[in-house]
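Below, chains carry the letters A, B, ... as their sequence lines are ordered, and counting in each starts from 1.
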Amino acid sequence: MTTTAAPTTRRLNTSKAMAEAIAQEMRANPEVFYMGEDVGPYGGIFGSTTGLFEEFGPSRIIDTPISETAFVGLGIGAAVEGMRPIVELMFADFMGVCLDQIYNHMAKIHFESGGNVKVPMVLTTAVGGGYSDGAQHSQTLWGTFAHLPGMKVVVPSNPADAKGLMTSAIRDDSPVVYMFHKGVMGLPWMAKNRRSVDVVPEGEHVVPIGRAAVAREGTDVTVVTLSLSVHHALDVADTLAEDGISVEVIDLRSLVPLDREAVLSSVAKTGRLVVVDEDYLSFGLSGEIVASVVETDPSLLRAAPKRVAMPDSPIPYAHVLEYAVLPLHDRIEAGIREVLA
Amino acid sequence: MTTTVTPQQGLDPAVRLDLYRTMVLVRTYEMAILREYHADKGPGFDIGKGLIPGEMHLAAGQEPVAAGVCAHLTGDDAVTATHRPHHFAIAHGVDLERMTAEIFGRETGLGRGRGGHMHLFDPDVHFSCSGIIAEGYPPALGQAFAFKRRGTDRIAVAVTGEGASNQGAFHESLNLAALWDLPVVFVVEDNKWGISVPRSASTSVPSNADRAAAYGIPGVRVEGNDVDAVHEAAGELVARARRGEGPSLLEVETLRLLGHFEGDAQGYRPELADVEGEDPIPRYEARLTEAGLLDGATREQVAAEATARVEAAIAFAKDSPLPDPAQATRYVFAEEGSR
Ligand SMILES: Cc1ncc(C[n+]2csc(CCOP(=O)(O)OP(=O)(O)O)c2C)c(N)n1
């Protein structure tokens with residue numbers, strides 16, 4: 001259910017696709033502005049505002065002090081008054097210094113006001129590891145945001161979805177947390193997956209929030225995943241196809257709302273489930289997906305499901321240690337073989 | 001209570017030579033890490049590659065702050081540093097070999113390769129740092145609290161950048177330390193930039209010493225990145241903390257000689273061409289030479305000693321084993337037998 005204005009073969013990396021959606025919405029709606037640390041002349045540490053300062057200037061692409069509580073809260077207040085702020089939290093790991101504004105205010109005002117006060121705000125934030133940034137700069141934490149009610153949570157894995165989900169997020173009347181993995185952005189200074197530069201529709205492009213995508217069709221096993229892990233799962237699916245194993249890959253794209261239907265219909269077809277999640281194993285997304293299936297119809301599963309996730313440990317710095325805990329190709333392949341055994 | 005200290009020349013020559021030695025050691029270290037960091041990032045620049053992967057924030061240019069402050073401390077005093085920690089770590093006497101091994105992600109590192117360059121912990125000298133801006137201030141209060149409760153004259157030094165002075169944690173810490181009269185010296189390194197954001201776009205007042213006044217504690221600002229002036233100002237603030245006279249704040253105008261992190265092209269920085277000319281180390285050398293305290297031979301000797309120590313630390317790191325991947329999730333909780 002992706003609407004596309006005109007067919008195109010133009011290719012962008014994910015950060016430029018994200019910035020393009022922001023630019024298009026900003027041109028159309030003067031109430032939209034973007035605020036955060038190093039989002040102005042620098043263009044965002046992970047390229048999220050590439051080129052925007054040049055077009056819109058410092059009154060709409062706003063560098064802030066390192067005062068997350070104040071500027072996230074400022075975004076909430078501006079949204080309450082009908083503006084459409086996009087506020088960047090440089091790393092999701094920094095939620096700790098401003099969480100109260102996020103989960104007790106941004107996410108609760110609409111409810112507490114009995115639906116009388118809207119907070120049409122987007123909170124963008126970079127997530128994920130894989131480049132030795134250590135325990136305070138490598139977490140995904142989407143399960144934490146998704147656990148706290150009142151905010152939608154979207155997690156694009158590729159350039160086209162990055163654009164389409166951003167368009168939807170800006171137009172949404174509820175707060176949306178938009179989490180971009182550094183490894184999908186197509187940055188020149190970080191290892192890239194080969195799909196981080198891809199075709200992106202040029203005009204208006206909307207990907208509805210709450211719809212998963214079938215990233216690859218298959219019949220033997222369902223891999224439910226999101227963000228950078230989609231690419232690892234697709235790579236593994238390629239490898240396993242050579243062994244005659246047909247893997248279906250579901251890219252969740254949104255955690256809140258969660259497209260349980262897409263998961264269930266795939267598992268109904270394959271009877272086998274692997275969840276791949278770069279977030280911590282316990283109390284999070286992977287358990288939620290398994291529960292969604294088991295609660296609905298345990299007989300859908302022909303084998304015990306398998307979770308391939310970040311273990312319940314802070315993320316280590318040293319490359320060998322980090323690559324031992326990340327849910328990468330080897331572990332995904334082993335998980336798939338286990339549910340098929 | 002706001003004072004601005006200007007450079008003075010009355011300092012003991014031996015102290016000045018020690019300050020010089022510390023600054024040269026730090027600079028030698030940062031330049032060696034710079035070399036090692038970039039040695040194998042290619043082709044192109046991949047931040048996750050190489051013997052030292054990940055972000056790298058070097059403190060070249062900021063040596064006067066660490067040297068001038070830490071000269072008044074012993075290993076019994078605590079220091080909480082930032083994401084840019086090497087200069088304070090070295091000046092405070094953190095084990096150079098184990099620190100380097102940590103930066104290289106080795107099992108012999110301070111954190112057995114778990115922490116990395118932003119997360120150096122050396123309990124022997126009560127040193128720690130954090131990658132989250134301003135979040136080193138609150139733990140320093142607790143260390144000071146413990147020192148005070150135990151009736152010692154030990155103190156805590158908490159370091160941030162000027163960008164961090166706009167965080168809630170900064171202001172909460174100043175207030176609480178003042179309220180409870182804790183022996184903390186808050187140090188603000190004003191290198192004028194928070195990544196790409198200049199001080200003028202982040203901070204509402206020209207001096208954080210004024211903010212100290214708002215919490216009823218002494219605030220001193222030292223201009224000119226001058227190690228003698230830092231030494232003098234810090235000496236008084238450390239002494240009053242030791243005497244039980246409570247917390248204070250020292251802001252030092254300093255210089256970020258390199259990018260925010262390695263790989264930062266600094267296109268946002270108009271004064272970039274002038275930066276090299278403001279390097280505090282040649283300037284201090286000139287002053288010491290003029291005062292008759294430094295000659296060519298001493299200079300060479302100081303440089304050679306620093307190089308020997310730094311290269312030995314790097315060799316130690318490179319010769320050390322990598323951590324065992326099977327142990328990647330160890331040390332989440334306290335276990336018997338671990339320190
Ligand atoms: C809470 C938090 N927000 C943002 C960041 C990202 N960040 C890392 S360093 C930095 C700039 C810090 O500036 P300053 O305090 O002046 O120290 P400097 O880097 O100049 O030494 C920022 C914004 C962070 N690590 N933590």
(request) Taking the side chain as every heavy atom from C-beta outward, state whether B:P53 and A:Y317 have any pair of such atoms under 4.5 Å apart. (result) yes
(request) Please tell me if the side chains of A:Q136 and B:E135 come closer than 4.5 Å, counting only heavy atoms from C-beta onward. (result) no
(message) Looking only at heavy atoms and a cut-off of under 4.5 Å, which of A:G134, A:G130, A:A191, A:P311 has the most pairs with chain B?
(response) A:A191
For each of [options], tally heavy-atom pairs with chain A at distances under 4.5 Å, and name the one with the top tally.
options	answer
B:V332, B:I132, B:L322	B:I132
B:M118, B:H260, B:E102	B:M118
B:G109, B:G111, B:A326, B:S130	B:S130
B:N166, B:D324, B:I52	B:N166
B:G131, B:G194, B:A169, B:G267	B:G131
B:G115, B:G44, B:G168	B:G115

Under 4.5 Å, heavy atom to heavy atom, which residues of [range] contact chain B?
range	answer
residues 33-48 of chain A	A:D38, A:Y42, A:I45
residues 64-71 of chain A	A:T64, A:P65, A:I66, A:S67, A:E68
residues 90-103 of chain A	A:M90, A:F91, A:F94, A:V97

Output the distance between atom [atom1] ([X]) and atom [atom2] ([Y]), rounded to the nearest 0.5 Å.
X	Y	atom1	atom2	value
A:L187	B:I47	CG	CD1	9.5 Å
B:H117	A:S132	NE2	OG	12.0 Å
A:H319	B:K49	NE2	NZ	10.5 Å
A:L321	B:E107	CG	CD	7.5 Å

(message) Looking at every non-hydrogen atom in both residues, tell me the closest pair between B:P323 and A:A318 and how far apart they are.
(response) CG-CB, 4.1 Å
(message) Could you report the tightest heavy-atom contact between B:A328 and A:V325, atom names first, then the distance?
(response) CB-CG1, 3.7 Å
(request) Any side chain to side chain donor-acceptor pair (under 3.5 Å) involving residues 323-332 of chain A? Give me the pairs, sequence neighbours left out, ordered by first then second residue. (result) A:D235-A:H329
(request) Report, as yes or no, whether the 6.0 Å neighbourhood of atom NE2 on B:H171 holds more than 12 heavy atoms from other residues, nucleotides or ligands. (result) yes
(request) Mark yes when over 12 heavy atoms from residues, nucleotides or ligands other than A:K16 sit less than 6.0 Å from its NZ; otherwise mark no. (result) no
(message) Is B:F45 close to chain A through its backbone or its side chain, or both, or neither, when contacts mean heavy atoms under 4.5 Å?
(response) both
(message) Between B:T203 and chain A, with a heavy-atom cut-off of 4.5 Å, which part of the residue counts as in contact: side chain, backbone, both or neither?
(response) neither
